[in-house]
Amino acid sequence: MNAAINNVYAIILAAGASSRMGSPKQLLEWRNRPLLEHAVANARAVLNERVIVVLGAHAESIQATIDLGGVSSIVNSDWLEGMASSISAGVQALPESAGAALILLCDQPLINAAHMQNLLNGWQSAPNRIVASQYHHSVGVPALFPSEFFEHLLTLKGDRGAKPVLMKFEDSLLKIPLPEAELDIDSAADFDHLTGHYSADQ
């Protein structure tokens with residue numbers, strides 16, 4: 001398998017309704033720009049224009065607020081079915097040349113370009129394995145899936161994201177410690193924690 005970085009694409013999942021937050025978390029301002037913009041900028045830093053943003057709820061306000069001109073953006077009309085439908089939409093949007101997909105969330109603000117590069121480096125050393133983030137006795141996204149696992153991502157259902165595929169192929173995982181992945185923004189309290197502890201550029 002060709003482990004060339006220029007065949008890797010990022011899929012940023014940004015379709016959720018943020019029901020617990022009460023407002024679109026994709027647009028929450030942190031360090032002077034929206035959370036989704038952070039995710040896009042970091043993904044572009046390592047993968048250039050090979051970034052697919054999956055929108056759903058609040059798609060129009062997000063498109064009006066954030067410049068997505070340098071990446072591909074799609075709208076998942078089935079976003080109400082849960083995160084799995086957005087993963088499927090993102091995978092279906094990949095070009096046939098894609099050798100791997102790096103699945104990212106828009107609400108893990110402590111993930112930066114260097115973390116993504118670590119996952120890519122892991123994949124280049126073991127191109128047939130899924131590279132997953134390890135944190136708090138668990139594994140999850142960001143995770144990089146070689147193309148032979150795309151068909152399994154397409155069968156996911158509901159709102160559990162990619163975790164069932166990670167569990168099914170646990171023997172094939174390359175786990176990269178990434179404690180920063182543990183913080184995702186689901187509620188106002190999560191965002192308060194973020195702004196209280198990580199407000200200044202680090």
Side-chain angles (χ1 to χ4, degrees), residues 3 5 8-16 18 20-21 25-47 51 53-54 82-84 86-87 90 100-146 149 153 156 159-202:
I5 238 64
V8 180
Y9 287 74
I11 298 173
I12 301 176
L13 305 179
S18 313
R20 288 173 57 191
M21 178 63 67
K25 60 186 174 184
Q26 299 93 327
L27 298 179
L28 287 174
E29 289 270 336
W30 181 59
R31 293 181 180 168
N32 301 314
R33 57 181 175 179
L35 291 184
L36 177 56
E37 201 170 296
H38 283 279
V40 170
N42 286 319
R44 290 196 67 187
V46 291
L47 294 172
V51 178
V53 179
V54 184
M83 193 183 296
S86 292
I87 293 174
L102 175 61
I103 294 183
L104 306 166
L105 303 180
C106 70
D107 63 350
Q108 289 179 309
L110 301 184
I111 303 299
N112 60 32
H115 298 137
M116 297 178 193
Q117 187 64 53
N118 284 345
L119 295 170
L120 289 166
N121 293 346
W123 173 70
Q124 287 192 294
S125 68
N128 296 313
R129 297 172 72 180
I130 299 171
V131 185
S133 301
Q134 186 172 32
Y135 49 92
H136 196 62
H137 313 301
S138 183
V139 292
V141 296
L144 195 149
F145 294 84
F149 295 97
L153 293 173
L156 291 168
D159 207 31
R160 288 190 62 206
K163 185 66 70 85
V165 177
L166 297 178
M167 295 297 95
K168 182 176 182 179
F169 296 99
E170 194 161 14
D171 292 344
S172 297
L173 295 184
L174 175 62
K175 301 173 184 177
I176 306 284
L178 188 53
E180 290 85 355
E182 190 173 348
L183 178 66
D184 58 13
I185 308 299
D186 284 327
S187 66
D190 295 335
F191 189 64
D192 289 345
H193 176 78
L194 173 72
T195 54
H197 290 76
Y198 303 100
S199 55
D201 281 328
Q202 294 172 316

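These numbers come from a predicted model, not from an experiment. Scope of the values below: all heavy atoms of this structure, side chains included, with no hydrogens, waters or symmetry mates.
- A side-chain donor-acceptor contact under 3.5 Å links His197 to the backbone of His193.
- Taking each heavy atom of Leu166 and Ala132 in turn, the nearest pair found is CD2-CB, 4.1 Å.
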- Task: Under the side-chain contact (heavy atoms from CB on, under 4.5 Å) rule, what do Glu182 and Leu110 come out as? Steps first, then yes or no, please.
- Result: CA-CA 9 Å; Glu182 190 173 348; Leu110 301 184; over 6 Å; no
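- With rounding to the nearest 0.5 Å, the separation of CD1 in Ile103 from CG in Leu119 is 12.0 Å.
- Checking side-chain atoms of Gln108 against main-chain N and O of Ala181 turns up a donor-acceptor pair under 3.5 Å.
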- Item | side-chain contact (heavy atoms from CB on, under 4.5 Å) assessment of Ser133 paired with Ile176 | CA-CA 5 Å; Ser133 301; Ile176 306 284; 5.9 Å; no
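- When all heavy atoms of Met21 and Phe191 are compared, the pair lying nearest together is CE-CB, 4.3 Å.
- A side-chain donor-acceptor contact under 3.5 Å links His115 and Asn112.
- Remark: Ser18 OG to Leu28 CG distance equals 7.5 Å, nearest 0.5 Å.
- Taken from CH2 in Trp123 to CZ in Phe145, the straight-line distance is 14.0 Å, to the nearest 0.5 Å.
- Within the 4.5 Å cutoff, side-chain heavy atoms of Ile5 are placed close to those of Gln124.
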- Start with the C-alpha distance between Ile130 and Leu174, add both sets of side-chain angles, then the distance that settles side-chain contact (heavy atoms from CB on, under 4.5 Å), and finish with yes or no. CA-CA 6 Å; Ile130 299 171; Leu174 175 62; over 6 Å; no
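- Remark: Ser138 engages Lys163 in a side-chain hydrogen bond (donor to acceptor under 3.5 Å, both in side chains) (not counting sequence neighbours).
- For the atom pair CD of Glu29 and OG1 of Thr195, the computed distance is 12.5 Å after rounding to the nearest 0.5 Å.
- The two residues Ser172 and Phe149 come nearest to each other via the heavy atoms CB-CZ, 4.4 Å.
- Residues Pro146 and Asn128 are not in side-chain contact: their nearest non-hydrogen atoms beyond the backbone lie 4.5 Å or more apart.
- Interatomic distance, CG of Asp171 versus CZ of Arg129, reported as 9.5 Å (0.5 Å rounding).
- Under the 4.5 Å side-chain criterion, counting only non-hydrogen atoms from C-beta, Leu105 is not in contact with Ile12.
- Rounded to the nearest 0.5 Å, atoms CD (Glu37) and CD (Gln26) are 13.0 Å apart.
- Residues Leu102 and Tyr9 form no side-chain contact, since every pair of their non-hydrogen atoms from C-beta on lies 4.5 Å or further apart.
- Contact annotation: the side chain of Ile87 approaches that of Leu13 to within less than 4.5 Å [non-hydrogen atoms, C-beta and beyond].
- Taking every heavy atom of both residues into account, Tyr198 and Leu183 meet most closely at CE1-CD2, 4.2 Å.
- Ring orientation note: the planes of His38 and Trp30 are tilted relative to one another, at an angle of 30° to 60°.
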- Show your reasoning for whether side-chain contact (heavy atoms from CB on, under 4.5 Å) applies to Leu120 and Leu144. CA-CA 8 Å; Leu120 289 166; Leu144 195 149; 3.4 Å; yes
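- Between Cys106 and Leu35 the shortest heavy-atom distance is O-CB, 3.6 Å.
- By the 4.5 Å heavy-atom criterion applied to side chains, Asn42 and Leu104 are not counted as neighbours.
- Closest heavy-atom contact between Val54 and Gly90: CG2-CA, 3.9 Å.
- Listed by first then second residue, pairs satisfying salt bridge (Lys or Arg N to Asp or Glu O under 4.0 Å) with a partner in residues 100-128 read Lys25-Asp107, not counting sequence neighbours.
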